[in-house]
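For reference, the structure discussed in these notes is given below.
Since the structure is predicted, the reported quantities are computational estimates derived from the model, not experimental observations. Just follow the structure's listing: the first ligand is 1, and inside any ligand the first atom is 1. Sequential numbering from 1 along the given sequence is applied to the chain's residues.
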Amino acid sequence: MAMNLDELNRTARAMVQKGRGILAADESSGTIKKRFDKIGVESTEDNRRDYRELLFRAANGMKHISGVILYDETIRQKAKDGTSLVKVIEQAGAIPGIKVDKGTKPLPFSKDETITEGLDGLRERLVEYRGLGARFAKWRATYIPTHGRPSYNCINANGQALARYAALCQEENIVPIVEPEVLMDFDNDIAACEAATEWVLKETFAQLYYANVAPEGMILKPNMVISGMKAEKRAGVEEVAERTVKVLKHCVPAAVPGIAFLSGGQSDEEATAHLNAMNAAHPNLPWALTFSYGRALQAAPQKAWSGNADNVPAAQRAFAHRAAMNGLAATGEWNPESERNAA
Ligand code: 13P
């Protein structure tokens with residue numbers, strides 16, 4: 001298929017349209033099992049379908065959602081009434097997308113670091129996914145910010161893979177979400193996260209350039225610049241917002257339509273407050289700043305649902321609430337009072 005940059009740019013802009021963001025519902029079978037274990041639900045194909053269908057049919061939540069990232073199983077699934085889940089998402093006014101990486105594997109001779117796999121056969125898979133309705137894709141690479149890491153080996157190898165993936169997507173008129181994630185599971189301070197994030201983004205955009213990826217036709221999904229979860233003293237909301245915007249200004253071309261953050265293990269309200277602080281203090285950035293949250297959108301509805309069909313309305317309300325709060329944060333109009341007023 002010949003690349004159509006107008007179409008890619010239109011899709012990318014729709015994914016980051018004002019006040020809306022992306023629902024990351026692309027947990028692999030292993031990850032969704034972990035989430036279901038926590039709420040005492042068996043991870044069967046039907047349970048996974050029922051849970052995801054309840055999210056996609058929550059009209060009050062979906063009005064704040066511009067796109068949904070799906071997993072291979074979900075993009076092929078049908079709702080209970082036989083409608084494809086892709087159609088359910090489109091009917092809710094959102095764009096379907098697909099996770100195409102095959103997960104992280106140990107990077108040889110690079111202690112604890114990972115390389116994301118999945119390039120073999122990707123060209124053919126993208127053709128199939130586009131046929132199934134995907135208009136964007138996602139590939140995630142991860143980096144460790146402690147004790148001399150990330151290594152250049154890790155940053156360079158993952159940067160090349162992200163760039164190869166992004167170029168293959170654009171060739172198929174699928175908008176690549178480029179997701180380089182500096183992990184927040186450690187005890188590092190915010191300065192270590194800032195240094196790692198800046199280096200990772202610099203190298204990733206260099207590799208995207210060498211691979212001829214058009215910045216107008218992609219979305220960046222980065223971590224925020226944030227203290228490690230196990231750090232003794234964690235930086236406050238303003239500091240996270242300011243350091244994150246500073247690094248993004250250093251690294252992300254103005255031609256990129258939007259930046260949609262991952263939540264990465266932040267609490268629901270933290271993820272909302274950080275995004276809001278960035279948009280409130282910086283209303284005139286060259287790119288839209290929004291959310292592409294997994295856990296920070298789904299933890300509350302998962303708990304409310306707990307596998308019981310009677311709880312579907314409560315789960316949909318919980319999802320709509322988080323989606324609405326993050327929609328406000330995407331325009332800088334959220335405050336802690338909004339949580340109580342809307343609850
Ligand atoms: P979290 O928001 O839970 O980090 O998930 C986002 C995502 O898509 C990770 O790849």
Side-chain angles (χ1 to χ4, degrees), residues 15-16 21-36 38-39 51-52 55 61 64-75 94-105 114-118 134 136-145 158 161-162 165-166 169 175-186 193 197 200 204 218-226 228-229 240 244 258-275 289-303 319 322-323 325-327 329-330:
M15 289 162 67
V16 294
I22 297 165
L23 166 63
D26 60 327
E27 299 84 1
S28 63
S29 303
T31 302
I32 196 75
K33 181 176 180 315
K34 271 194 243 158
R35 307 275 187 265
F36 278 12
K38 266 203 186 152
I39 53 169
Y51 166 64
R52 285 165 171 150
L55 295 179
H64 308 285
I65 301 297
S66 55
V68 180
I69 318 175
L70 301 168
Y71 184 58
D72 181 79
E73 174 184 275
T74 323
I75 201 170
I95 306 169
I98 181 79
K99 184 233 296 290
V100 299
D101 68 66
K102 296 217 161 165
T104 55
K105 302 282 156 62
T114 60
I115 177 74
T116 300
E117 295 190 346
F136 68 91
K138 184 193 102 171
W139 180 290
R140 170 177 177 256
T142 64
Y143 311 85
I144 299 173
N158 278 299
L162 280 163
Y165 140 80
C169 285
V175 172
I177 294 183
V178 172
E179 183 181 9
E181 176 178 3
V182 175
L183 297 165
M184 60 174 291
D185 307 298
F186 306 96
C193 179
T197 304
V200 165
T204 302
M218 63 165 278
I219 297 294
L220 178 69
K221 176 166 174 167
N223 54 285
M224 295 180 193
V225 173
I226 195 167
M229 210 105 76
V240 169
T244 303
I259 297 171
F261 293 101
L262 58 97
S263 60
Q266 300 179 50
S267 73
D268 294 358
E269 212 170 308
E270 251 184 332
T272 304
H274 288 148
L275 175 62
L289 290 188
T290 189
F291 57 92
S292 175
Y293 294 161
R295 283 163 283 182
L297 278 171
Q298 295 190 62
Q302 275 164 10
K303 204 160 158 224
F319 169 58
R322 285 289 12 117
M325 295 301 101
N326 288 310

### Query
Out of Glu27, Lys221, Lys138, whose heavy atom is nearest to atom 6 (C) of ligand 1?
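It is Lys221 whose heavy atom sits nearest to atom 6 (C) of ligand 1.
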### Heteroatom proximity flag, Ala296 to ligand 1, N/O under 3.5 Å
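Between Ala296 and ligand 1 (N or O atoms, distance only) the closest approach is not under 3.5 Å.
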### Message
Below the 3.5 angstrom mark, is there an N/O of Glu181, backbone or side chain, next to an N/O of ligand 1?
### Response
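In fact, backbone or side chain, Glu181 has no N or O that close.
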Looking at [X] and [Y], would you say the former's side chain and the latter's main chain have a donor-acceptor pair under 3.5 Å?
X	Y	value
Tyr165	Lys138	yes
Ser66	Gly21	yes
Ser263	Gln266	no
Thr290	Ala260	no

### Task
May I ask you to identify, for Lys99, whether its side chain, its backbone, both or neither come under 4.0 Å of ligand 1 on a heavy-atom basis?
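Near ligand 1, Lys99 shows nothing, with every heavy atom at 4.0 Å or more.
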### Query
Does ligand 1 have a heavy atom under 4.0 Å from the side chain of Arg295, from its backbone, from both, or from neither?
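Both of them.
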For [atom], grab the closest protein heavy atom and report residue, atom and distance to one decimal in Å.
atom	result
atom 9 (C) of ligand 1	Glu179 OE2, 3.3 Å
atom 2 (O) of ligand 1	Ser263 OG, 2.5 Å
atom 5 (O) of ligand 1	Gly294 N, 3.6 Å

### Cationic N near anionic O, under 4.0 Å, Arg52 to Glu27
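Salt bridge present between Arg52 and Glu27.
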### Over all atoms of both residues, closest heavy-atom pair of Arg140 and Asp101
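Closest approach of Arg140 to Asp101: N-OD2, 2.9 Å.
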### Message
Using 0.5 Å steps for rounding, measure from the NE2 atom of His274 to the CE atom of Met224.
### Response
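Atom-to-atom, His274:NE2 and Met224:CE are 7.0 Å apart.
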Relative to the heavy atoms of [X], which atoms of ligand 1 are at a distance of less than 4.0 Å?
X	value
Gly264	1 (P), 2 (O), 4 (O)
Ser292	6 (C)
Tyr293	2 (O)

### Task
Check the side chains of Thr272 and Arg322 for a donor-acceptor pair under 3.5 angstrom, ignoring hydrogens and angles.
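There is such a pair between these side chains.
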